Number of protein chains: 2
Amino acid sequence: MDKINLGLGAPRYQQLAQAIADSIARGEYPVGSLLPGEEDLCRQFNFSRFTVREALRHLQETGLVTRRQGIGTTVIASTPTRKFGHMIESIDQLQQYASETRLIDHVFEDVVADEELAAELGSTPGMKFLRITALRVGADESKPVAWTRIHLAAIYAGVRSSLAEHSGAIGSLVEKLYDQKITAIRQTVSAAAIDEAIADMLDVAPGSPGLRIDRTYAGHDGIPFEFATSIHPGPRFSLSMQLDWMSPG
Amino acid sequence: MDKINLGLGAPRYQQLAQAIADSIARGEYPVGSLLPGEEDLCRQFNFSRFTVREALRHLQETGLVTRRQGIGTTVIASTPTRKFGHMIESIDQLQQYASETRLIDHVFEDVVADEELAAELGSTPGMKFLRITALRVGADESKPVAWTRIHLAAIYAGVRSSLAEHSGAIGSLVEKLYDQKITAIRQTVSAAAIDEAIADMLDVAPGSPGLRIDRTYAGHDGIPFEFATSIHPGPRFSLSMQLDWMSPG
DNA sequence: AAGTGGTCTAGACCACTCT
DNA sequence: GAGTGGTCTAGACCACTTT
């Protein structure tokens, strides 16, 4: 890492960033190693500290290095990562239909997770939940689009009284009422035959194909506080998402 | 926008960024309007240009403003947007199982999209495709995990000869052979009964529930060049994804 | 030509981490 | 205490856009 001969029209910090990126790609600075300090780089290339820092900032933005005060600049990747991303801007947007639908026929139960339930949810035994079982219907209240069962941490049981007037996802209701910020959602999609009890409620034949979506919502502490399962009649629902390439930086 | 009284321990540029963000949120600088120039801000707050630029950079990273040389700093949002994101780092990761599975029993056909096929794929009539129908099996070649049918733009028909040795998604094979970069993927998931012909191949009962995934892959020009449909036997497959909150900036 | 943001220098002090 | 990155100043020149 000593010669710079790329992009002579480009700003110095870009040329420097490129030179360092090349060195990293060549393995001169393996992942996990430290880059020379800023002062070193200044002397080595005869650039001001501003220029060096601007180059390092660029490398940081492309995900090649992290920087920490008192430690230095650590290489964390040898190549800019290519990422596809799916972004949504609200909870209701995840549940694509949620803002235009409502829950009806709620059944509320207070349950404590035993071994079995805890295993099913991926929670811990002994945790207290409000269990909500309901049907989700469109605005015209024709055939339901989903049967849904939610296990909500008991501390948020107060949503119970507001549920009837709320259209949208329960997660966003909790956010509103409790100022609890959802920071991670995990979603699993699978197909399964709809069993008789649920088929009746959804007005489909027992055993007909259903789309099952399991979602867990976790808050600031990373601990899931809501576990939701939805079962959609095959023909009445599909889940779409667009993944776009995110340029590194 | 004139007083600063937030976070006295915080760096000046952060305080300034916060002050400006507050002004924008209050509507003092509506979306579409220009912020004062850097020199103005320097005089107004008695900060150096470095500090002012650092604050503006922060606002840019949070998506509140854009900056253009010769124009100025334009307000593009009044509030930082909260985003949930799902990121994957490769095509094969989208098809979660793809890197450990292979396609067998390929059937190749050259087809030209008529009205019906074009409508089904979301393509245009007259487009030429290589149609690949195959089964995806695990390493042990036990029961197949999916039946799959791919319509690949005819210009990439050369993948045909490399398909047998390739494990992974076809999209990544096209990327490798043709230097075609995939920039957008659209994915739709639904549940449907598996029809008899496919059920036979998958070794499940006809009419049993299946998870159907339709994906289109588009390249640099935004035009989809690959249309893939997979049908998975209900119990043998599920699709998981994690969505994380992405801090604005 | 005037005004904007983009790049760059030389120098300073500070907060943090490690030994 | 030595070394790291983080913040900050004062001043300069340049490239771009609009008038």
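We name chains A, B, ... by the order of the sequence lines, and we start the count at 1 in each one. Here the structure is a predicted model, which is why all the values come from computation and not from measurement.
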Practice task
Evaluate side-chain contact (heavy atoms from CB on, under 4.5 Å) for Phe237(A) paired with Ser230(A), printing each intermediate quantity in order.
Solution key: CA-CA 11 Å; Phe237(A) 184 72; Ser230(A) 299; over 6 Å; no
Practice task
Kindly check if the number of other-residue, nucleotide or ligand heavy atoms within 6.0 Å of CG (Asp114(A)) is above 12?
Solution key: yes
Completion exercise
The single option from Leu59(A), Val52(A), Leu64(A), Val65(A) that satisfies side-chain contact (heavy atoms from CB on, under 4.5 Å) with Ile20(A) is Leu59(A)
Handout entry: Residues within residues 68-77 of chain B bordering DNA chain D, heavy-atom distance below 4.0 Å
Key = Gln69(B), Gly70(B), Ile71(B)
Completion exercise
Thr79(B) meets the side-chain hydrogen bond (donor to acceptor under 3.5 Å, both in side chains) criterion, sequence neighbours left out, with none
Practice task
Using a 4.5 Å cut-off on heavy atoms from C-beta on, say whether the side chain of Arg57(B) contacts that of Glu61(B).
Solution key: yes
Problem - Arg160(A), CZ: over 12 other non-hydrogen atoms inside 6.0 angstrom - result: yes
Exercise for the section: Indicate the ring-plane relationship of Tyr178(B) and Tyr156(B), choosing parallel, tilted or perpendicular according to the 30° and 60° boundaries. Expected result: perpendicular
Practice task
Give me the first and last nucleotide of DNA chain C, going 5' to 3', that has any atom under 4.0 Å from a heavy atom of chain A.
Solution key: dT7(C) to dC18(C)
Handout entry: Leu130(A) vs Asp110(A) side-chain heavy atoms within contact, under 4.5 Å
Key = yes
Exercise for the section: Using the closest heavy atom to pick a nucleotide of DNA chain C for each, name whichever of Asp40(B) or Glu54(A) lands nearer the 5' end. Expected result: Asp40(B)
